[in-house]
Amino acid sequence: MKIIIVKNQVEGGKVAFDLLKEALASGAKTLGLATGSSPLEFYRQIRASDLDFSNVTSINLDEYVGLSPDTEQSYHYFMAEQLFNHKPFKATYIPNGLAKDLQETVEAYNRMIEEHPIDFQILGIGRNGHIGFNEPGTAFTSKTHVVDLDDSTIEANARFFEDKSQVPRQAISMGIASIMSAKQIVLMAYGAEKADAIEKTVHGTVTEEVPATVLQNHANVVLIVDEAAAGKLE
Ligand code: GLP
C-alpha cells in the first residue's frame, strides 16, 4: 500500500487527479466512482480540466434505497452535479435505489461490472472502516448487495439531511469483492475523525470487522491522507 500524506484536500485532489490522468493515458476505460466529501476536490479538478470522458464508462459504488435521482441527497444527484453534467461519459452506472425488485437490480449490477472490469477505483472511507456502503461484518467475497446501514453511518451522514430520521436505512452497494477486482484503487481520507479507520486500514489485522483492511491484500492501492487522518500511523 502506498501512502501519500498531503497538506489538504486541494493537494489530495490534485494527487488523485494526476493518478487518474496517468491511468487514462495508459488505457483505463472504466472508472469506479465514489461520493461523499472526500472526493469533492478530485471532481472539481476534473471539471476544470480538459480531460475527455466520451470513451470512458463509470460505475458508482453505491446509492441509498428509496431516494429518487432528483433528491439532493441521492448519489445520482451528487454525481450529476459534481461530474456528469459537466463531463459527458460514454456510459454511467449507479445502482437504482428506487427499483421495485432490489434483488434483480443487484444481479444486473453485478453482470454489468463483469462486463466492464474496473481499471481505476476511487474510494472514501467511513469512520468505522466501511468502503462503499460495506459495513463491518460484510463478507470479503461479497458482490453488489442490499445493505442495512450502521447506526454510526446514519449518524455520520445525517449532516446531509434535515435530521437523522430522514437518512435512508438501506443502500445498495458494490461488494468488497467487486471493489477488490479493480486494477488500481485510490482511497482519500481527510480529518482526525478518519485517523482510527486509516490506522486500522494500514496496520490492523485484516478482518471483515474493518472492511478497509482488505485493501492490504490488493497489489495496487494508493492512500491519500492529510496529516490529521494520518495522525495515528506509525
Ligand atoms: C458514505 C459513502 C462512502 C464514503 C463515506 C465517507 O458512507 N457511502 O462511499 O466513503 O460516506 O464519506 P466522506 O468522504 O464524506 O467522509
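As the structure lists them, so they are numbered: ligands from 1, and atoms in each ligand from 1.
T138 and E208 share no side-chain donor-acceptor pair at under 3.5 Å. Between the side chains of S68 and T71, at least one donor N or O sits under 3.5 Å from an acceptor N or O.
Under the 4.5 angstrom side-chain criterion for Ile, Leu, Val, Met, Phe, Trp and Tyr, the cluster partners of V65 are L102, V106, V146, I172.
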Inventory of protein N or O atoms under 3.5 Å from ligand 1 N or O:
{"from": "ligand 1", "atom 1": "7 (O)", "to": "H130", "atom 2": "NE2", "distance (Å)": "2.8"}
{"from": "ligand 1", "atom 1": "7 (O)", "to": "N157", "atom 2": "ND2", "distance (Å)": "3.4"}
{"from": "ligand 1", "atom 1": "8 (N)", "to": "D62", "atom 2": "OD2", "distance (Å)": "2.8"}
{"from": "ligand 1", "atom 1": "8 (N)", "to": "G132", "atom 2": "O", "distance (Å)": "3.3"}
{"from": "ligand 1", "atom 1": "10 (O)", "to": "I125", "atom 2": "N", "distance (Å)": "3.3"}
{"from": "ligand 1", "atom 1": "14 (O)", "to": "S37", "atom 2": "N", "distance (Å)": "3.2"}
{"from": "ligand 1", "atom 1": "14 (O)", "to": "S38", "atom 2": "N", "distance (Å)": "2.9"}
{"from": "ligand 1", "atom 1": "14 (O)", "to": "S38", "atom 2": "OG", "distance (Å)": "2.6"}
{"from": "ligand 1", "atom 1": "15 (O)", "to": "S37", "atom 2": "N", "distance (Å)": "2.7"}
{"from": "ligand 1", "atom 1": "15 (O)", "to": "S37", "atom 2": "OG", "distance (Å)": "2.6"}
{"from": "ligand 1", "atom 1": "15 (O)", "to": "R159", "atom 2": "NH2", "distance (Å)": "3.0"}
{"from": "ligand 1", "atom 1": "16 (O)", "to": "K194", "atom 2": "NZ", "distance (Å)": "2.6"}

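Ring centers of F161 and Y64: under 6.0 Å apart, within the cut-off.
L31 is not listed as a side-chain neighbour of I118, based on a closest heavy-atom distance of 4.5 Å or more. Using a 4.5 Å cut-off on side-chain heavy atoms (C-beta onward), D196 and K232 make contact.
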